[in-house]
Amino acid sequence: MPLLDILRYPDPRLHRVAKPVAAVDGRIRQLAADMIETMYAADGIGLAATQVDVHERLLVMDTSEGRDTPRVLINPELVAASDEIVSGQEGCLSVPAVYDDVPRHARVTVRALGLDGQPFQFDAQGLEAVCVQHEMDHLVGKVFVEYLSPLKRERIKTRLLKQARELLKKSA
């Protein structure tokens, strides 16, 4: 299974809204497998298809302690969210080495399709709730830095663009 390229902020493709997956078929199952492998290789806990330049409603995540229980969510939707809001440090594979506080619902209920094409629903709290909300944001074209102040966002964008230019110079 090939590792997929992860888009880096401020790539405009990260802001595209994903379309629903029309059919859970071999292509989607292979994409999910490749995304899981890519997520693990990048030492992440979640990855949305948008981040690998596939604009369909698919995400993978694994918040287990052993990092051995991947979960695939196809066409996920939030069906309930607690009124309680928690704020904690978040990072993102598309925004490397940047962490900041983001407000999220403390508990959520999510409905999605599995790799078998069957619907399922689960309740999440703690890290799992934060992760699923973060990844679902990607599916609507939102990157976690958009929760930050415009000044912080601009500083992050400037720093990441500078790093990208330096990498290009070194590889040239």
Side-chain angles (χ1 to χ4, degrees), residues 1-76 88-100 102 104 110 112-117 120 122 124 127-147 153 156-172:
M1 290 180 256
L3 291 180
L4 304 170
D5 290 330
I6 298 172
L7 299 177
R8 299 284 175 106
Y9 181 81
D11 192 309
R13 294 172 290 180
L14 287 169
H15 299 293
R16 287 184 54 190
V17 176
K19 292 178 171 46
V21 171
V24 181
D25 55 16
R27 179 185 68 83
I28 289 297
R29 285 188 282 278
Q30 183 62 56
L31 174 60
D34 292 345
M35 287 173 60
I36 289 168
E37 185 176 339
T38 301
M39 173 186 71
Y40 285 145
D43 202 26
I45 62 169
L47 186 66
T50 300
Q51 293 176 271
V52 294
D53 203 20
V54 176
H55 303 282
E56 294 180 79
R57 293 189 56 80
L58 167 66
L59 66 87
V60 300
M61 55 188 280
D62 186 351
T63 58
S64 67
E65 281 190 39
R67 310 264 299 122
D68 56 1
T69 313
R71 178 175 266 173
V72 176
L73 282 67
I74 300 166
N75 295 335
Q89 290 277 296
E90 284 187 32
C92 181
L93 296 176
S94 291
V95 192
V98 173
Y99 300 89
D100 214 314
V102 176
R104 300 283 184 189
V110 179
L113 299 177
L115 286 174
D116 59 1
F120 69 97
F122 68 99
L127 181 60
E128 185 178 40
V130 169
C131 182
V132 75
Q133 291 172 82
H134 176 111
E135 299 309 329
M136 287 178 70
D137 274 355
H138 280 297
L139 300 178
V140 295
K142 190 169 187 176
V143 181
F144 92 97
V145 296
E146 292 171 46
Y147 288 96
R153 212 170 32 248
I156 291 166
K157 182 177 178 180
T158 300
R159 186 170 80 222
L160 292 175
L161 288 171
K162 182 181 176 187
Q163 287 173 354
R165 281 192 304 271
E166 289 170 1
L167 281 174
L168 280 174
K169 284 181 187 175
K170 287 181 183 176
S171 64

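Sequence positions, counted from 1, serve as the residue numbers for this chain.
Residues Val72 and Ile28 are not in side-chain contact: their nearest non-hydrogen atoms beyond the backbone lie 4.5 Å or more apart. Residues Val132 and Arg71 have side chains not in contact (no heavy-atom distance under 4.5 Å, counting atoms from C-beta outward). Between Glu90 and Gln133, every side-chain heavy-atom pair lies at or beyond the 4.5 Å cut-off. You'll find the side chain of Asp137 reaches within 4.5 Å of the side chain of Tyr147, heavy atoms only. At a threshold of 4.5 Å between non-hydrogen side-chain atoms, the residues Asp53 and Asp5 do not count as touching. Inter-residue side-chain proximity for Asp100 and Val145 is flagged as unmet; no heavy-atom pair is nearer than 4.5 Å. The shortest distance between side-chain heavy atoms of Met35 and Val54 does not fall below 4.5 Å. Side-chain contact between Ile45 and Arg67 is present, with at least one heavy-atom pair separated by less than 4.5 Å.
The two residues Ala41 and Leu3 make their nearest non-hydrogen contact at CB-CD2, 3.7 Å. The minimum heavy-atom distance between Leu93 and Ala42, with the atom names listed, is CD2-O, 3.6 Å. Across all non-hydrogen atoms, the minimal contact from Met39 to Gly46 is SD-N, 3.4 Å. Between Gly91 and His134, the shortest heavy-atom distance links the atoms O-CE1, 3.3 Å. Pairing each heavy atom of Leu139 with each of Pro76, the nearest pair is CD1-CG, 3.7 Å.
Gln30 contributes no side-chain N or O that, together with a main-chain N or O of Gly26, makes up a donor-acceptor pair within less than 3.5 Å. Judged by distance alone, the side chain of Glu135 and the main-chain N or O of Ala48 form a donor-acceptor pair under 3.5 Å. Judged purely by atom type and a 3.5 angstrom limit, Arg29 uses its side chain to pair as donor or acceptor with the backbone of Val24. Of the possible donor and acceptor atoms, none in the side chain of Asn75 sits under 3.5 Å from a partner among the backbone N and O of Pro20. With Asp34 contributing its side chain and Glu37 its backbone, the two residues share no donor-acceptor pair below 3.5 Å.
Ring planes of Phe120 and Phe122: parallel class, angle under 30° (limits at 30 and 60°).
Side chains of Ser94 and Gln51: a donor on one and an acceptor on the other come within 3.5 Å. In the model, Asp62 has a side-chain atom that pairs as donor or acceptor with a side-chain atom of Tyr40 under 3.5 Å.
One distance of note links NE2 of His138 with CG of Leu7; it measures 10.0 Å at 0.5 Å rounding. Once rounded to the nearest 0.5 Å, the distance linking CG of Asp25 with CG of Leu115 reads 11.0 Å. One finds the CG atom of Leu160 at 11.0 Å from the CZ atom of Arg165 (value rounded to the nearest 0.5 Å). Rounded to the nearest 0.5 Å, atoms OG1 (Thr50) and CD (Glu56) are 9.5 Å apart. Residue Cys131 holds its SG atom at 7.5 Å from CG of Leu59, rounded to the nearest 0.5 Å. Note that CG of Leu4 and CD1 of Ile36 are 11.0 Å apart. Values are rounded to the nearest 0.5 Å.
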Trace of the side chain to side chain contact (heavy atoms under 4.5 Å, CB included) decision for Thr63 with Val130: CA-CA 10 Å; Thr63 58; Val130 169; over 6 Å; no
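Under a cut-off of 6.0 angstrom, the local environment of CZ in Arg153 is crowded, with over 12 non-hydrogen atoms contributed by other residues, nucleotides or ligands.
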